[in-house]
Amino acid sequence: MKNAIKNFWAALLSKINEKINQWLNAPKSKLPTMDAGDDTVVNFFAMVVKKVLNRALMGAEFDVISDSAQAEPLKELCEDLNRNAYKITANMIAGNENISGNSVAECWAVPSFIKVRGENKLVHSYIDGSRVLITGIRDDGEISECYMVLNAVKRKDKIYFLYRKHILSDEGDLSISFFVADDNANIVETDIPEWDDLIYGFAENGEKQQKETVYKGVNHIGFGRYKSPVVPLNNDTVYGVPLNYGCGKIEQQLENDVEQIELEMKASKKMLFPDWSIVKEDTRGNAVSLGYAVDEYIYPIKKKAGIDGSLIDEYCPTIRYSEYAQKLEDDLCRYQARMGVRDLITHTENTSGATATEIKSKNADNMGLEQSIRKALRKGNEETLKADSIYLNIPLDLWQYDEDFQDIYTDDAQKLNEIITVMQNGGAEVDDLVKFYFPTLSDEERAEKIARINESKQASTESSILSALNME
């Protein structure tokens, strides 16, 4: 299916063959880089991506703040963004191969209506870089025209694509249309009932026709774009680039390191050479087995006349694993440095006993990347929710986006002592302490807990007074 999508995009570009589109989708990388989804190799890139995801999304909580009942659907849609945070971020930093053979590190959250119990319901489709094509860009870098493959089906040995086109005019009007096309990007009319509601509408005279939906003056492309924050050094690309952009050379070196280690282990395999006198033969004189066992590392031999030796000779060379492993570790450190991260899949630094400040200093590169990823997530989430608001006709001033992440570099004990010290100096309240201990409580739940704490303290004080006066 991936090749079919690539062929489709190539055919589409040839039909809208403009210089701008050639530039937007021209090859940018000189050497191919590793695909995080490739399980046919020792995939160090996948290891790095998983580490980055776990760190960047630790404790991630997205929310819509609003007192309006009209904005309630946005809260449910925001929960959907939260559930799919790993999927979104993985596509955004790991990338997927597009028509040029490069990896496009993007994820688009595309809202669309579906029927649920006879009612229209807005949902998100999450589309990776292999299924998107940008054909127009404005001076401010925002997309003005694009295509995306939403679905594909196979009918009578032919593949058909459902693709969606967005156009944002200079006046801020958003136009959305749907088409069915074959793998040569030819628009076709074929009977695919599950797509009809999206593609067709009815004219005033009742005639079935292809529909186009226009949203006037929204100044929005109509979906959330999550673009990789990785900077493509010495290059210019409209699409986001993956974390391992430009790492093709060192990834080849890593593959060679792994092959050398495997070859060393294989070449250093223990071998036994038993004398033929203890070998069982078949009728043709071929070795069948030893008197006790036979294995793939046993090679019976017939010694030459006059040569003495034991019944079983052994070959067991010293394995040079540590030297090869050190070479691999050194290259992995360079690989991580090329991606702007540090010691994620190696363990070259000992942080035992280090203070929170020292740990933060050593992890400055990792923290910088995590903050950039969270910033890109925030921008994408806000764009997605604004698009949701357009389709649901919810005013933007009725809601506000909020988020929270866990700081894995903070020493909890040190943070607690800081809060207590500030409280003693009158700069913080009990609410700050409760919020630190119970970060998942809502404002109402936190207020109730503080009230219970105050009641308990008051009851304890009254009990102590009565005890002192011997009045209990």
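The model shown is predicted, which means the values in this text are computed figures rather than measured ones.
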Check: Stepwise, does the side chain to side chain donor-acceptor pair (under 3.5 Å) test hold for Glu403 with Asn381?
Finding: CA-CA 10 Å; Glu403 66 183 18; Asn381 285 345; 4.8 Å; no
Say whether, by atom type as modelled, one donor and one acceptor occur between the side chain of [X] and the main chain of [Y] under 3.5 angstrom.
| X | Y | value |
| --- | --- | --- |
| Ser103 | Asn96 | yes |
| Asp128 | Asn91 | no |
| Gln336 | Ile345 | yes |
| Thr346 | Thr348 | no |
| Arg131 | Leu150 | yes |
| Asp35 | Gly37 | yes |
| Ser228 | Val241 | yes |
| Lys362 | Arg342 | no |
| Tyr391 | Gly222 | yes |

Is the number of heavy atoms from other residues, nucleotides or ligands under 6.0 Å of [X] [atom1] greater than 12?
| X | atom1 | result |
| --- | --- | --- |
| Asp140 | CG | yes |
| Glu76 | CD | no |
| Gln400 | CD | no |

Once you round to the nearest 0.5 Å, how far does [atom1] of [X] lie from [atom2] of [Y]?
| X | Y | atom1 | atom2 | answer |
| --- | --- | --- | --- | --- |
| Lys379 | Arg225 | NZ | CZ | 7.5 Å |
| Met339 | Leu344 | CE | CG | 8.0 Å |
| Phe178 | Ser112 | CZ | OG | 6.5 Å |
| Lys449 | Asp431 | NZ | CG | 12.5 Å |
| Met47 | Tyr335 | CE | OH | 10.0 Å |
| Leu396 | Lys386 | CG | NZ | 7.0 Å |

Looking only at non-hydrogen atoms, find the nearest pair between [X] and [Y] and report the distance.
| X | Y | value |
| --- | --- | --- |
| Thr33 | Gly246 | CG2-N, 4.2 Å |
| Phe45 | Leu243 | CE1-CB, 3.9 Å |
| Leu74 | Val64 | O-CG2, 3.8 Å |
| Arg378 | Tyr401 | CG-CE2, 3.8 Å |
| Leu392 | Leu77 | CD1-CD1, 4.0 Å |
| Glu106 | Tyr239 | OE2-CA, 3.3 Å |

Check: Yes or no on side chain to side chain contact (heavy atoms under 4.5 Å, CB included) for Tyr245 and Val231, after CA distance, side-chain angles and deciding distance?
Finding: CA-CA 9 Å; Tyr245 182 82; Val231 177; over 6 Å; no
Ion pair [X]/[Y], N-O distance below 4.0 Å:
| X | Y | answer |
| --- | --- | --- |
| Lys158 | Asp182 | no |
| Asp330 | Arg334 | no |
| Glu383 | Lys227 | no |
| Arg155 | Glu194 | yes |

Is any side-chain heavy atom of [X] closer than 4.5 Å to a side-chain heavy atom of [Y]?
| X | Y | value |
| --- | --- | --- |
| Asp257 | Leu254 | yes |
| Leu81 | Tyr226 | yes |
| Asn43 | Met34 | yes |
| Leu168 | Glu142 | no |
| Val258 | Phe44 | yes |
| Leu369 | Ile373 | yes |
| Phe223 | Met148 | yes |

Check: Which residues satisfy the salt bridge (Lys or Arg N to Asp or Glu O under 4.0 Å) test with Asp157, sequence neighbours excluded?
Finding: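 Testing Asp157 for salt bridge (Lys or Arg N to Asp or Glu O under 4.0 Å), a comparison that skips the adjacent residues, returns none.
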Next item on the list: Determine, stepwise, if the pair Asn84 / His124 fulfils side chain to side chain contact (heavy atoms under 4.5 Å, CB included).
Entry: CA-CA 10 Å; Asn84 287 279; His124 296 146; over 6 Å; no
Note to self: Could you go through Ile137 and Ile143, starting from their C-alpha distance and side-chain angles, then the distance that decides it, and tell me whether this counts as side chain to side chain contact (heavy atoms under 4.5 Å, CB included)?
What the structure shows: CA-CA 5 Å; Ile137 204 89; Ile143 299 171; 4.2 Å; yes
Next item on the list: Any chance you could lay out the side chain to side chain donor-acceptor pair (under 3.5 Å) test for Tyr321 and Glu264, step after step, and finish with the verdict?
Entry: CA-CA 7 Å; Tyr321 178 80; Glu264 174 69 13; over 6 Å; no
Note to self: Using side chain to side chain contact (heavy atoms under 4.5 Å, CB included), reason through Lys51 and Val341 one step at a time and then give a plain yes or no.
What the structure shows: CA-CA 10 Å; Lys51 286 285 188 179; Val341 298; over 6 Å; no
Validation: residues 53-62 side-chain donor-acceptor distances under 3.5 Å, sequence neighbours left out:
from	atom 1	to	atom 2	distance (Å)
Asn54	OD1	Tyr86	OH	3.1
Asn54	ND2	Lys50	O	3.3
Arg55	NH1	Tyr409	OH	2.8

